Structures are given as structure tokens and as C-alpha cells.
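Here is the structure we will look at, set down as C-alpha cells.
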Amino acid sequence: MRLSRLFGKTMRQVPTEAESISHQLLLRAGMILQETTGVYIYLPLGWRVFEKIAMVIKQEMDRIGGQELMLPVLQPFDLWERSGRYVSFGSSLFTVTDRRERKLVLGPTHEEVITELAHRCVQSYRDLPLLLYQVQTKFRDEPRPRGGLIRVREFAMKDMYSFDTDEAGLAKSYEIVSQAYKVIYTRLGLPVQMVEADSGAIGGKDSHEFMVIADNGEDDIISCPACGYSANAEKAQSAKVDESGGLPLPLEEIATPGKKMIQEVASFLDIPASRTLKVVFYSADGEFTLVVIRGDLEVNETKLRNILKCSELRLATESEVKGAGMITGFASPLNVRNVKVVADDSITLGSNFVAGANKEGFHFRNVNYPRDFHVDVMGDVTLTKAGHICPMCGGELIAYRGIEVGHVFKLGTFLSDKFNASFLDRDGVSRPLVMGCYGMGLGRLLAAIVEQKHDDKGIIWPALVAPYQVYLCPLSGSDPKVASLAEEIYGELQAQGIEVLFDDRKESPGIKFNDADLLGIPLRLTLSPRTVKNDSIEAKWRWEKQFQMLPLENLPYSVVQLFQDI
RNA sequence: CGGGGCGUAGCGCAGUCUGGUAGCGCGCAGCGUUCGGGACGCUGAAGUCGGAGGUUCAAAUCCUCUCGCCCCGACCA
């Protein structure tokens, strides 16, 4: 490709809307352009990278026996009613109405379609196990897209679905796909960590995410340096320390004027926060809910949502709290009526707690569960943080941020049950298909590579996904010989199947070098009167400072050699 | 949905408070000089100032409504 003919220009200045590094660099390099909030155009260079990432993914999906197909974007709304997932996806679903007033969904994912397909096309255990996948555009009306390609409303995703006869088969498929994911990330040059995850709106049981560690990532990861346990903070567990306060003592009301926050109460009474109980109020699918947790811990809303099996969860408003008869700052699980009470299991790890008296200016001392109050639902709703104790080995947990570049789920049979997707086993008994699903966002992967592989000059593409392999950079100046020689070399390299971006522009060396760096092409070949004098050309890797001279004779061969050696 | 910010040429911005000829830099087009890390000179094209309504002799500027975009939070695969 001649740079003079390339559609999409590089930019010196960064458009103001770009905040994240990948967004800035991709815009400046002329690889993407925004259409509207969370919707992007891929320009020729960006699209080449995209296609190469897709190629790597498809190779690995095919290698494990995956069969590529293409499912529709437009999906009947009925499918989503049947699965019930129009509730959990809620307003993230893009819907359209056709001329006959029939409601359709722009697919945010394809479990419904594929399960219904399996219902029609899978009959026997002989058809299993089965791995199907596609690379397809998904539509999700995100509340807040951000970070360029990191979080968008229209995006390409590779989604694979596995069908097995039983749980053991699913476990095997899950493992095979997870391994393939790791191979993909390695080939793309991305260091990725597999962490335990919540399955969210997709539903299902076990779930893992693949994270690229990055400060501007959206997810919090909790990890144990000692044993390697790692999980999304939404899911992460911790070993909670028992804060025993001795044998239960009689309940006692104490004056705590103006002391509302846990810290204020604790220091006023000279006790650690872990010897107090705090309450938080939520509205769960419209139901007023009180959550009790030990004072030193915080509520994890994802866990709470799961334990309550609700889809809409938010903090209760002040008026809702008052309406339920609660006194903010002195609220208490004691003596509540007609209010659902959820408790974190940390309240059983300790005794003689201090809790609110539900009376302005007063707390109770020596509160003990279950002697003093009732709980409707008990479970782990603690938000795990750095410094907490590893549930596996007792080590100290640490926290950092990551970009989710893949997510795998063990779905089980909840969807096949709903769509009656079953097969006949060896004994002629009809059983539901056991499913798994495996997602990978291509655009996000592309952005994550840039986040990971760049310097102050620009992008540094791994050779495998670079839009072109070679940046041919003649510094012709007033020397027509250099220009014509460059044309020759361009032809020779192309004849050998090498992807060359030929900077045939009449620009100064500075501009050419800076564009080469910004675009991140792996190998830069610089031809100038100097090098021509020695029948040579200068070769420089984008990620190295040093360069080497290559003889002009047999140049395509030398270039191929160089790429083989990396 | 809550909070903050911004819409003026392809990009980055000034002008808005205090109403009176729409500007600067980059980029773009032409000519010439330059040519190993974002050169220089001259000439030139390009903006219904996000949109609608209002106030006024006069609106980028004041008022009202509206649309769009970004950031933080909520939410989210």
C-alpha cells in the first residue's frame, strides 16, 4: 500500500474526546473514528488489524474442533421472552419493530438463537460434544460507553457455544476452550490472567474472565500472591476473621449522641469497627431490604443481587428509609417489622456487637445473633478488598485493575430446559443439552493490545496483527535515484508476499519517521543516498533502538529471515 | 439516571463576561527553496459559530427550549 493513497490520515493533535491511551493512539493513527456514542468506524488500517485478530481467533477455535457459522443480528423478541433474559438484560436490549408491529431484538448475544437451533438440529448423543462459534456484531445499549473501543454499544464478538451430554463433558469443553483462549492471548502478545467471575446477566454457574492488567481497566481484580487465587472483586471471597467479644452479655442501651458513622461510633466507644454491626438499605426489585454486615466490611452489590435473585438493585432513597421507620445513623436490625433482612455471614463471627438502637442518639451494646434479631437471608455479601485474607491459603490479598478481554461460562441446562433442547442418550432417554458459552470482544482486544504495547511515539503492534509488516521509508530528498530504487524495492517485497506500507510521500524525514512510529509497523526499512551508496538499506524494529544494515541484493529474503527470527 | 464539562473550518483552540466586519495554530491546495526525527517563504480554499425560537437597529455573544459529545458515579458480559 502506498501511504499517499491510504485512506485515513495521521493526526498530530489528539481530539479532545479521547481520554484513554488506546483511544488517543488509534484516533491519531487514523485507525478508527467515532460515529456516535459507543459506535465506531474502522478505517482501513484499523480494519486490517481487526481482521488479523479475527484470523488468529478463528484458527484457534478451528483447532479445537469449533465449527464457524453465522447467526442473525435480528432476533425475534419471543426468544427473549422464552428465556426470560429480557428481564436481566433490561434496557440494555436494543429493540426494533417491523412493519407488522412485530418486536425484534438486535442481538446482544446469541444463546437464545443457538439453543433454539440446537433444539432443532441436535437429536442424539452421537452429535455430541459440539462446538459452534461465530464472529458477529453485538448490540448492547450500555448506560455509559467509555474509553474508545474498550466499552461500546456496537461491537464484534467471537462467541462460541458448547453442547455436551453431561456435566463432565461440559467441564472438559470448558477446559479445552479456556486453554485455546490462553493460546490466543499468548499469540497476540498479551499477558492475560484468568480470574473467577460472576456470571451476571448471562446466567449459569462457574464463570471465568480473562484479564489484561491495566491501570485504566474497568474491573477490580483480587488476587493472592502466595497461592495464585484470583477473582473479579464482584466474585472474590475472603476468609473472615473471627472477632469474638466473649460470651454473650445482656443487651444494653447506650447514649451515642451525634455519632452516626461507624468510625465515629467505634472511636467514641473505643472499640474496633469489627466489633460493630452496620446496616445498609436497598431497594431490590422494588422491595425495601435491610442488609446487616460487620462494621469493618462493605457490601458487594453483585453478591447481594445474586443472593436475593433480583435484577434491579439500588441503594434505597432517604425517603424510603424514613418510610420504613428507620433512623439514619442509628438504624438497627433489632425490632424491625415487615422488612426483609439480609445478613452477611460475618455477623456470626463475633459476639457482643454494637449496633444502632433505631432511636436518635442511641446504640445497643452486646448485640448477639440470633438471640437479638431475626434474619431472612444469610450469606456472603462482603466486598473483598486488598488486605483481606485469602480464602484458599490464608495469605494477604492484593487488588489491581484489568480489562476484561474474554469471559467463559458454564451455562448448564437452564437454557436448554427452556428451549427444550434435548438429545437421546445411549439408553434412549431424553436429556437436556449441557451448555457452555465463551465470549471474546475483538475491538476490546485490539484496544487492550494498544494499551499494553505502545510508547510515547505511538503504537507497537505485535508482528502477527500489525496492519503491515514493513514500513518502506525512502528519504529521497533531491536524489531521484533513491526514489526510483524505492519503487523497485516496493515491487520486490510485494512479489514475495510481504505486506509493505510504502511511504511514497514527499515529506521530510521527521514526518515519515514519526508516522512510522505512530502507526506501529514492526519493521522500518529506510533507504537514503547514504545507504544506497553502500548498496544497502537500514532495517529497524519498532521496539528496538538499534538498527542494522541489509544488503539490497536479495532483500526480500533477508526481510523474511528477520521475521522468522523474532 | 445523578454530578461536572464542552459544542466556533478536517483537528486543536481564542472570541461570549461587556452585543457591532468571525480569528489563530495545525492540516488542506498551488509555486519555489529545503531534505536522517514533526523545515521555510509566498499565495489560496474552507465556518448558516450544534439546532429552533425570542429580545434588539444589530446576536457566536443576552434569554428560553432542544439536540449532540466527553468525564466521574450508578449500571454493565
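All of these numbers come straight from a predicted model, not from anything done at the bench. Protein chains get the first letters and strands the later ones, always in sequence-line order, with residue 1 at the start of each.
Within 4.0 Å (heavy atoms only), Phe547(A) reaches no atom of the nucleic acid at all. Counting non-hydrogen atoms under 4.0 angstrom, Asp515(A) reaches a base of the nucleic acid. Here Arg28(A) lies in heavy-atom contact (under 4.0 Å) with a base. Counting non-hydrogen atoms under 4.0 angstrom, Arg314(A) reaches nothing in the nucleic acid. At a threshold of 4.0 angstrom between heavy atoms, the contacts of Ser528(A) include nucleobase atoms, whether or not backbone atoms are also involved. Among the protein residues, Gly147(A) comes within range of the sugar-phosphate backbone only, with heavy atoms under 4.0 Å from sugar or phosphate atoms but none that close to a base. Among the atoms of the strands shown, only primed sugar atoms or phosphate atoms (P, OP1, OP2) are found under 4.0 Å from some heavy atom of Gly510(A).
The base-pairing partner of U16(B), taking Watson-Crick or G-U wobble contacts with both distances under 3.5 Å, does not exist among the strands shown. Base pairing of G7(B): its partner is C67(B), meeting the Watson-Crick or G-U wobble criterion (both donor-acceptor distances under 3.5 Å). Base-pair partner of A74(B): not found among the strands shown (Watson-Crick or G-U wobble, both distances under 3.5 Å). Pairing partner, C42(B): G30(B), with both Watson-Crick or wobble hydrogen-bond distances short of 3.5 Å. Of all nucleotides present, none satisfies the Watson-Crick or G-U wobble test against A60(B) with each distance under 3.5 Å. Under the Watson-Crick or G-U wobble criterion, with both distances below 3.5 Å, U48(B) has no partner in any strand shown.
At a cut-off of 3.5 angstrom, counting only N and O atoms as typed in the model, there is no donor on one side facing an acceptor on the other between the side-chain of Arg524(A) and the base of G36(B).
Using a 30° and 60° split on the angle between ring planes, Trp541(A) and Trp543(A) fall in the parallel class, below 30°. Ring pair Tyr40(A)/His23(A) is perpendicular by interplanar angle, where above 60° counts as perpendicular and below 30° as parallel.
What separates NE2 of His23(A) from P of C69(B) is a distance of 13 Å, to the nearest Å. Rounded to whole Å, atom C1' of C75(B) lies 14 Å from atom CG of Asp198(A). Regarding Tyr471(A), its OH atom lies at a distance of 15 Å from the P atom of G37(B), rounded to whole Å. What separates CZ of Arg146(A) from P of C69(B) is a distance of 16 Å, to the nearest Å. Rounded to an integer number of Å, the gap from NZ of Lys512(A) to C1' of G37(B) is 13 Å. The CG-P distance, from Leu93(A) to C75(B), rounds to 19 Å in whole Å. Per the geometry, CD belonging to Glu142(A) stands 14 Å off P belonging to A74(B), to the nearest Å. In this structure, the CG atom of Asn514(A) is 9 Å from the P atom of A39(B), given to the nearest Å.
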Heteroatom pairs (N/O) under 3.5 angstrom, protein to nucleotides 26-34 of chain B:
from: G27(B); atom 1: OP1; to: Arg12(A); atom 2: NH2; distance (Å): 3.2

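With distances taken from any side-chain atom of Glu19(A) to the nucleotides C71(B), C69(B), C11(B), the minimum falls on C71(B). Relative to the side chain of Glu538(A), the nucleotides G37(B), C72(B), G36(B) differ in distance, and G36(B) lies closest. Of the candidate nucleotides G37(B), C69(B), C75(B), C75(B) has the atom nearest to the side chain of Pro143(A).
Between His110(A) and Tyr133(A), the ring centre distance reaches or exceeds 6.0 Å. For Tyr438(A) and Phe409(A), the distance between ring centers is not under 6.0 angstrom.
Contact check on Asp504(A) versus Arg2(A) returns a salt bridge, with a Lys/Arg side-chain nitrogen under 4.0 Å from an Asp/Glu carboxylate oxygen. Lys410(A) has a carboxylate O that lies under 4.0 Å from a charged side-chain N of Asp206(A), or vice versa, which qualifies the two as a salt bridge. Salt-bridge annotation for Arg505(A) and Asp503(A): present, with a side-chain N of the basic residue lying under 4.0 Å from a carboxylate O of the acidic one.
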**Prompt:** Taking it one step at a time, do Trp80(A) and Phe89(A) satisfy ring pair (Phe, Tyr, Trp, His ring centres under 6.0 Å)?
**Reply:** CA-CA 10 Å; Trp80(A) 289 82; Phe89(A) 271 86; 5.4 Å; yes

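With the nearest nucleotide of RNA chain B identified for both Leu313(A) and Thr10(A), Thr10(A) has the one nearer the 5' end. Mapped onto RNA chain B by nearest heavy atom, Thr531(A) and Arg305(A) fall at different nucleotides, with Thr531(A) at the one closer to the 5' end.
When the C1' atom is used for both C13(B) and G47(B), the distance is 14 Å, rounded to whole Å. Atom P of G50(B) sits at a distance of 8 Å from the matching atom of G7(B), rounded to the whole Å. Rounded to whole Å, the C1' atom of A58(B) lies 35 Å from the corresponding atom of U43(B). Separating the C1' atom of C67(B) from that of G53(B) is a span of 14 Å, rounded to the nearest Å. Across the C1' atoms, A29(B) and U66(B) are found 38 Å apart, a figure rounded to whole Å. G12(B) and C6(B) have their C1' atoms separated by 14 Å, with the value rounded to a whole Å. Separating the C1' atom of G19(B) from that of U55(B) is a span of 11 Å, rounded to the nearest Å. Separating the C1' atom of C1(B) from that of C28(B) is a span of 43 Å, rounded to the nearest Å.
Of the N and O atoms on the side chains of Glu301(A) and Tyr282(A), at least one donor lies less than 3.5 Å from an acceptor on the other residue.
For C72(B), one of the phosphate oxygens OP1 or OP2 lies less than 4.0 angstrom from a side-chain nitrogen or oxygen of Arg144(A).
With sequence neighbours excluded, the residues that form a ring-ring contact (aromatic ring centres under 6.0 Å, His included) with Phe77(A) are Tyr86(A).
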